[in-house]
Amino acid sequence: MATVGLKCPECGSLDIVDDEHYSQPQLVCADCGAVVSEGLLTTTRSEETQGTDVRYSNSTEVDKKPCRNLINGIHRVRALCRILRLTFLMEETAETHFKQAYEHPNFIRVSLQKKEVLAGCCVLATCRQHSWPIAMGTICCLLEANPRLIGVVYQEMVKTLKIEAPPTSIINLLETHCQAYKLSPQHVHEELSESSKDLTKRAAVLLELAADAWLVTGRQPIPILTASIFLAWQSLKPTQTRLKYTLARFCQMAKVTKSSIAPKRVTELKEVLCKLGQELPWLRGDEVTPQTVIQMVDDILNHRLTLLRRALSSHEEALASESPDTGSVQQQGDHSQPSVPNSGKRSLFEPPSVRYAKIRRVQVPVVEVTGDEEISDSEIDSYIRTPQEIRDYVEAKEALASSDDEL
Amino acid sequence: MEQNNSLPPFQGLASPQGAMTPGMPIFSPMMPYGSGLTPQPVTNTNSLSLLEEQQRQQQQQQQASAQQAGVPGGLGQTPQLYHSQTVTTTTLPGNTPLYTATPLTPMTPITPATPASESSGIVPQLQNIVSTVNLGCKLDLKTIALRARNAEYNPKRFAAVIMRIREPRTTALIFSSGKMVCTGAKSEEQSRLAARKYARVVQKLGFPAKFLDFKIQNMVGSCDVKFPIRLEGLVLTHQQFSSYEPELFPGLIYRMIKPRIVLLIFVSGKVVLTGAKVRGEIYEAFENIYPILKGFRKTT
């Protein structure tokens, strides 16, 4: 019986059954064979996939055809590899990683957004495995995704697939970063142009100096790269035109996005250069300011090891003169095994987080308790409202609620 | 070498084929050390004196012979002239073959002879303890929020009452099932006392609260080694345990295997240890990491 009450118009019988004629559903009278009504011959794609008794994910077609998101993801991986001009081997590796990660239970049910980001993370991991320098910020720009999300997905992916992807060292990133700067003679004025090779070389030395002075560890790499390239550009030809350029204008000229952190790094790097520049013997003790130091960068970098040693020894002497009783011990400490520094003695270069340490909240002295002490009733009562308070509170809430209703 | 035809917002595009060699490697701890499994302290070549050079060469020779035998070196190998004995067959650098820890007391070294096994002298301070307890009865959160002074309850935001007491300064999340989470205490005993006070408050509000299955779930400690640390070097030699992504977080995340503790190591020398169930794990983890960190210290 298909539906109750349906009568065959030919013979009047109530025995109507569902009988499909190939793919066309029909209601047929069981006694005389007359077709009472019939459905559509064709079906839409969504009806086919959603109107079936067996769910698509449980059917065998899932095994035969990879799902659409997987195909899209693989296309995305390939597109990213082409944009970044990676080798064929790396493209294959990235694709393999993506397939493995996608089908892993950790990733098969995540949101589409995460699956998109997963493609970028696979490319990033492959680049790191093959020592191809690429920053996470690049993947961020390419995917236009939240850096935090990329970080989360990347770390989970590395853990799931158990791959070892050593992070890129900043000096390798410098070369690729430098090439984004459009400073060749065809792009800018002759006086302002600089070849990529010279720029990279000078910036690399500056970056090494910054790393020694603790300006690089623990911080975002891109701003410090920008800062070192800017200072390299200024110092390679320290003419007035170049010196007048601010970092923002430089980035605009070189067609690179500017960052808000890079100016701070420029200041810090100039401070370090000033400290070393102070030791140049032909200055005879003249002040070296951040404005005048650019012209001397050439000399500073050529003789930086000597200047470093001299700066260290003069710093030691300065400290020794401040504390004469411990002075003699520390003066000899220059060449022997590094002694444990007390918090009072400061070395010449320190990470900025140490130098400008946040003022900690005053620590409340820890009271020794056993955990099983008596709890006084009065203390507990202080946490409980009196009946009067409860009444007041309820009234106030009702008054607020009624005034809200009136509004 | 043609310029990349790149879109403006890119930074750091990959170079075309052939230009992959980096300029000059600044962090080159890979050279003298082989497998990276043995946690070797790394010295920077910039300001080495003659004495340190000698020690380093001797150490390398000893390592070469040790690696041939396939046994990892002892953990606390700071640039010393002697080679600490390899005691156990453990292959994980997170182990201290020289120490055995008792759960609740700070460790004392067994072999005080070699300076490498000397304890650091720094004790991590506990900063936060998270514990849970079952009050054993269903609770009406609206009543609790109405009748307690120190409670807040916003069911649209979170399905629990947030209660605070002044001494010990802690916060508790009380759920309608009767389970409670207590956070903010600075020691295990304080956490227990605080949990008992919350249970007493709930009792006074008229519920038959008990104090069942009190358990410490997590302990967080922190300390300062008082010297700056080269995180880039540490992540290269301890790759299996460390994760250092300066673009995401300024500290290095070190996942120690034994004991199972996560350490956040910062360039300033501050170390945060978390994930412990007992105090001894925090102390043990710090004693394990201290010799490794000492190897990455660089005085400029």
Side-chain angles (χ1 to χ4, degrees), chain A residues 84-87 132-138 141 147 151 155 164 166-167 169 171-177 179-180 182 200-201 204 208 211-214 217-222 255-257 335-336 338 341 343 347-351 353-354 366 369-371 373 375 380 383-385 390 393, chain B residues 3-4 6 8-17 19-20 22-27 46 49 51-52 146-150 165 168 186-190 192-193 196-197 200-201 204-205 226-228 230-232 235-236 239-240 243-248 250-251 266-269 297 299-300:
Chain A
L84 296 171
R85 301 207 205 163
L86 305 181
T87 65
W132 191 280
I134 180 175
M136 219 177 249
T138 314
C141 281
Q155 277 165 352
E164 280 199 15
S169 84
I171 201 89
N172 295 347
L173 272 181
L174 177 66
E175 209 179 313
T176 57
H177 186 69
Q179 275 155 11
K182 300 207 178 336
T200 315
K201 225 168 102 174
E208 203 182 312
D212 280 343
W214 297 103
T217 312
R219 282 143 152 220
Q220 298 262 355
I222 307 273
K255 300 204 182 43
V256 166
T257 47
H335 292 291
S336 60
S343 50
S347 44
L348 183 59
F349 292 127
E350 275 172 329
S353 56
V354 172
V366 177
V369 294
T370 60
E373 283 119 339
I375 302 173
I380 302 297
Y383 292 122
I384 299 180
R385 286 190 174 135
I390 296 177
Y393 174 71
Chain B
Q3 285 280 348
N4 278 337
S6 55
F10 287 10
Q11 303 261 358
L13 263 195
S15 49
Q17 304 82 344
M20 251 176 62
M24 38 185 113
I26 28 170
F27 310 118
N46 255 350
S49 69
L51 182 60
E52 285 180 70
L146 178 65
R147 297 184 48 204
R149 281 186 184 146
N150 51 341
I165 56 174
K186 299 271 191 223
S187 77
E188 304 91 317
E189 298 83 19
Q190 280 189 8
R192 191 185 157 81
L193 180 61
R196 281 176 58 224
K197 287 191 181 174
R200 186 66 71 81
V201 171
K204 285 246 162 137
L205 292 174
K226 304 255 193 296
F227 53 80
R230 286 273 166 221
L231 301 179
E232 303 92 345
V235 76
L236 280 174
Q239 223 173 61
Q240 311 94 312
S243 151
Y244 171 56
E245 298 287 342
E247 294 178 79
L248 296 177
F266 295 90
V267 66
S268 55
R297 154 188 178 177
T299 50
T300 316

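It should be emphasised that the depicted structure is a prediction, and the values quoted were computed from it without experimental measurement. Numbered from 1 within each chain, the chains take letters A, B, ... in sequence-line order.
Judged purely by distance below 3.5 Å, without hydrogens or angles, the side chains of E232(B) and S169(A) never pair a donor atom with an acceptor atom.
With a 4.5 angstrom heavy-atom cutoff, Y244(B) touches chain A via backbone and side-chain atoms both. Interface residue L231(B): backbone and side-chain heavy atoms are both found under 4.5 Å from chain A. Only the backbone of T370(A) has a heavy atom closer than 4.5 Å to any heavy atom of chain B. For a residue to count as touching a neighbouring chain, one of its non-hydrogen atoms must lie under 4.5 Å from one of that chain's; by this rule P167(A) touches chain B with the side chain only. Both the backbone and the side chain of Y383(A) come within less than 4.5 Å of a heavy atom of chain B. Of the two parts of V201(B), the backbone and the side chain both hold a non-hydrogen atom closer than 4.5 Å to a non-hydrogen atom of chain A.
For Q155(A) against L248(B), the heavy-atom pair with the smallest separation is NE2-CD1, 4.2 Å.
The backbone N or O of Q220(A) sits nowhere less than 3.5 Å from a side-chain atom of E247(B) that would complete a donor-acceptor pair.
Atom CD1 of I384(A) and atom NZ of K204(B) lie 6.0 Å apart (nearest 0.5 Å). The OG1 atom of T217(A) sits 5.0 Å away from the CZ atom of R230(B) when rounded to the nearest 0.5 Å. The distance from atom CD of E373(A) to atom CG of L193(B), rounded to the nearest 0.5 Å, is 5.5 Å. The structure places CD of E164(A) at 5.5 Å from CD of Q240(B), a figure rounded to the nearest 0.5 Å.
Ranked by heavy-atom pairs under 4.5 Å with chain A, the first of E189(B), R192(B), R149(B) is R149(B). Chain A forms the most heavy-atom pairs under 4.5 Å with one residue out of Q190(B), K186(B), R196(B), R147(B), and that residue is R196(B).
Using a 4.5 Å heavy-atom threshold, the side chains of P228(B) and E350(A) count as separate.
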Do V267(B) and R219(A) pass the side chain to side chain contact (heavy atoms under 4.5 Å, CB included) test, and can you show the C-alpha distance, the side-chain angles, and the key distance before you say yes or no? CA-CA 10 Å; V267(B) 66; R219(A) 282 143 152 220; over 6 Å; no

